[in-house]
Protein chains: 2
Amino acid sequence: MEEFQALTMKDIAAQLGVSVATVSRALKDSHNISKERREMIQKYAREHNYYPNVIAEQLRHSRKKPSQIIGVIIPEFVHYYFSSILKGVEEEASRRGYRIMVAQSGETYEREVEICQSFMQNKVCGIIVSQAKDTNQYGHFEKLVENGIPLVFYDRICPALNASRVVVDDYQGAFNAVSHLVETGCRRIAFFGAPMSLEISQNRYNGYKDALYKHGLTPEEELTVICDNYEDARKRAPELLRADNRPDAFFTVNDDTAIGVLYSAKELGLRVPDDVAVCGFGNDTHAVSCDPMLTTVEQRGVDVGREAATVLIDTVEGVLPIDHAAKRVVKTRLIVRGTTREA
Amino acid sequence: MEEFQALTMKDIAAQLGVSVATVSRALKDSHNISKERREMIQKYAREHNYYPNVIAEQLRHSRKKPSQIIGVIIPEFVHYYFSSILKGVEEEASRRGYRIMVAQSGETYEREVEICQSFMQNKVCGIIVSQAKDTNQYGHFEKLVENGIPLVFYDRICPALNASRVVVDDYQGAFNAVSHLVETGCRRIAFFGAPMSLEISQNRYNGYKDALYKHGLTPEEELTVICDNYEDARKRAPELLRADNRPDAFFTVNDDTAIGVLYSAKELGLRVPDDVAVCGFGNDTHAVSCDPMLTTVEQRGVDVGREAATVLIDTVEGVLPIDHAAKRVVKTRLIVRGTTREA
DNA sequence: AACCTTAATGCAATCGGTTGCTCACAGGTC
DNA sequence: GACCTGTGAGCAACCGATTGCATTAAGGTT
């Protein structure tokens, strides 16, 4: 390997017989430098395609201004919602001249701590994170804040910390979805949710209940089930559907679960949506590949990501004060397809 | 904002009344430093949680050794295959102490060039890339190579460049899939593929043809169609299926297309797989959410990503010579589900 | 001709960490 | 007591770019 070395200001200075300082100023178009020299240096740089060493710039500025690299922690890349968020973050970051460094926590606390540490060492200007499921200590996050690294939570926020957060409108999304079910004739609506320890579960459950109340219905305990994935849905849904007073609709915490319910119903010979309606949450790509296509709440991951990046960059650049914990809510939208009835 | 400044070696040196050089050596456990001092310095560093400034380290070493940051260019994050690849890259990179910087080209040449430039400025140690669909000039890639930055292509490789590449075994995957169709009784098998300009299309088409020949069948021109997405499949499949001598099976370039075929067939009242069998390529999450679930070729994105990271890091670390263009092939696997017949 | 501006440039320190070289001193040898 | 050896530590240069300050020379003023 022929040791290649990038062109530096020193090289240009030596070639043109000027000082490094002059080169630096000329490239910054400083008026201290005479027009001829400026142009000559710029021309040389252009022709030999000089580009500045970001690392050196960053070191030089390390005491006064942050880097332009955002750290992003994602529980799991292969997941429609999370990859949408990443897309949104990347687009907004790129647009504003930032780069992103990403890592997967794989839902474990240890990895999350390591990643925070590593991001800090790599001098990211801030971190966008959805915490791992099993995280219940927050020292690693607090350390970041102490070190002046702004944090923005998305999806799974850290309630113990007064940090910025971007979430979707879970309450309203659930409320609208359940209202739609009631308004299209459903009366016994089951709720398949995630554990109530998560804030999003609480919010969606409240939206569900309030929608029922508003339409003069009452939530029934046996219709509220902790069930948040496909496999569990294939077990729990049939139990409910075989009962004499089976539910006539299901509202589920995500699309996978909804699809589990859908296929369970079909297997039992029930017609969807006439006998049983189903509504999911997320609007994953799955939602259009099942038969019939799924009615669901669009979660707008891209917007969540974009908003998270906006909040973070605004904080880094001082547009938002660092101690101001911004709370942004991204609106959801009900997408009606084939698993719910006509109005 | 109270200006926070991370603890540096200089601070430690000042506190303990030794020189910075001594601190540096003590933290590296150099035997030039007496045991007592070494331990005292290490203890202080630990207790005040000192961590080294990667930026400074990198600058210092810039002439002799590369950074530990890998640049990854992905056409589009929200895509099952690509996010799987990203997962694989991240896992392997993390395991070997590297971080990744990612960017989306959004399938445009201009973005791709900008990203390469930006990654170069950010001193990534190498780049893993699947080129954008409309890229047909390679100056930006060549410049990277000239600058000593190793390149590894995945999925859409750049045939004009003699760079390392990791691909899946498209030929064998197609061959196995089509063989399965024939062996379960299909005789007129349609091929829905991407434009033949892409290497993967060629390879899969060859696998398709050879599987037919091997079983004494001949490919028919009217059964070979350029069709590589859901919408097009909803248009082209019905045309074929309404004909008198309709195909009794479809092999498609990806799962979306397969699902388009599947639902077209169901809409026409045909039974899948008895009247028409369908086999996709990819094993996306969609493949298990359609009804019936899709028989498809597993593309193992995670393995592709992991392999790409391995090749890149081995090149960076000198395990592989920089001018050795590694060509790795990741095996595919046929996953038989409900859209093909029993043997 | 002495003095003052002003423009154009360079010097040198800095960011944080690394490392070759030098230096001081302790201990051992003859 | 003179000389050698080895250990432990510090000095200073370096990585590439930036920037406050000093320096130089040219031109203008009286």
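Each chain gets a letter, A, B and so on, in the order its sequence line appears, and its residues count up from 1. No experiment lies behind these values; they were computed from the predicted model shown.
In the model, Arg111(B) has a side-chain atom that pairs as donor or acceptor with a side-chain atom of Ser94(A) under 3.5 Å. Side-chain contact of Ser118(B) with Arg99(A): a donor-acceptor pair under 3.5 Å is present, judged by distance alone.
Between the side chain of Arg60(B) and the base of dC14(D), at least one donor-acceptor pair of N or O atoms lies under 3.5 Å.
One atom, CD of Gln121(A), and another, P of dG16(C), lie 15 Å apart when rounded to the nearest Å. Between Gln58(B) atom CD and dA17(D) atom P there is a gap of 14 Å when expressed in whole angstrom units. Rounded to an integer number of Å, the gap from CD1 of Ile55(A) to P of dG16(D) is 12 Å. Whole-Å rounding puts the Lys28(A) NZ to dA17(D) P distance at 10 Å. Between the CG atom of Leu59(A) and the P atom of dA13(C) there is a distance of 17 Å, rounded to whole Å. Atom P of nucleotide dA8(C) and atom CD of Glu36(A) are separated by 8 Å, given to the nearest angstrom. Rounded to a whole Å, the CZ atom of Arg63(B) is 17 Å from the C1' atom of dG17(C). In this structure, the CG atom of Leu7(A) is 15 Å from the P atom of dC15(D), given to the nearest Å.
For Lys64(B) and dT18(C), the shortest distance from a side-chain N or O to OP1 or OP2 is not below 4.0 Å. For Lys10(A) and dC15(D), the shortest distance from a side-chain N or O to OP1 or OP2 is below 4.0 Å. Within the structure, a side-chain polar atom (N or O) of Tyr50(B) is placed less than 4.0 Å from OP1 or OP2 of dG17(C).
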What string of B, S and - do you get for nucleotides 4-9 of chain D, 5' to 3', if B is base contact, S is sugar-phosphate-only contact and - is no contact with any protein heavy atom under 4.0 Å?
----BS

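In the set dA12(D), dC15(C), dG16(D), dA12(D) carries the atom at the smallest distance from any side-chain atom of Ala21(B). Considering only side-chain atoms of Ser24(A), the nucleotide from dG16(D), dT18(D), dG16(C) that sits closest is dT18(D).
In this structure, Glu90(B) contributes its side chain and Ile100(B) its backbone to no donor-acceptor pair below 3.5 Å. Side chain of Asp314(B) to main chain of Val311(B): no donor-acceptor pair is present (N/O by atom type, distance under 3.5 Å, no hydrogens or angles). Using a distance-only test at 3.5 Å, with no hydrogens or angles considered, no donor-acceptor pair links the side chain of Gln121(B) to the main chain of Tyr51(A).
Taking all atoms of both residues into account, the shortest heavy-atom contact from Pro150(B) to Leu312(B) is O-CD1, 3.7 Å. Ala309(A) approaches Ala93(A) most closely through the heavy-atom pair CB-N, 4.5 Å. Pairing each heavy atom of Ile157(B) with each of Pro159(B), the nearest pair is O-CD, 3.3 Å.
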Which pairs, protein N/O on one side and nucleotides 25-28 of chain D N/O on the other, fall under 3.5 Å?
none

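Heavy-atom contacts from other residues, nucleotides or ligands closer than 6.0 Å to NZ of Lys327(B) number more than 12.
Residues Met9(A) and Val23(B) both approach DNA chain D. Their nearest nucleotides, taken by heavy-atom distance, put Val23(B) toward the 5′ side.
Between Phe82(A) and His79(A), the ring planes are tilted. Angles from 30° to 60° get that label.
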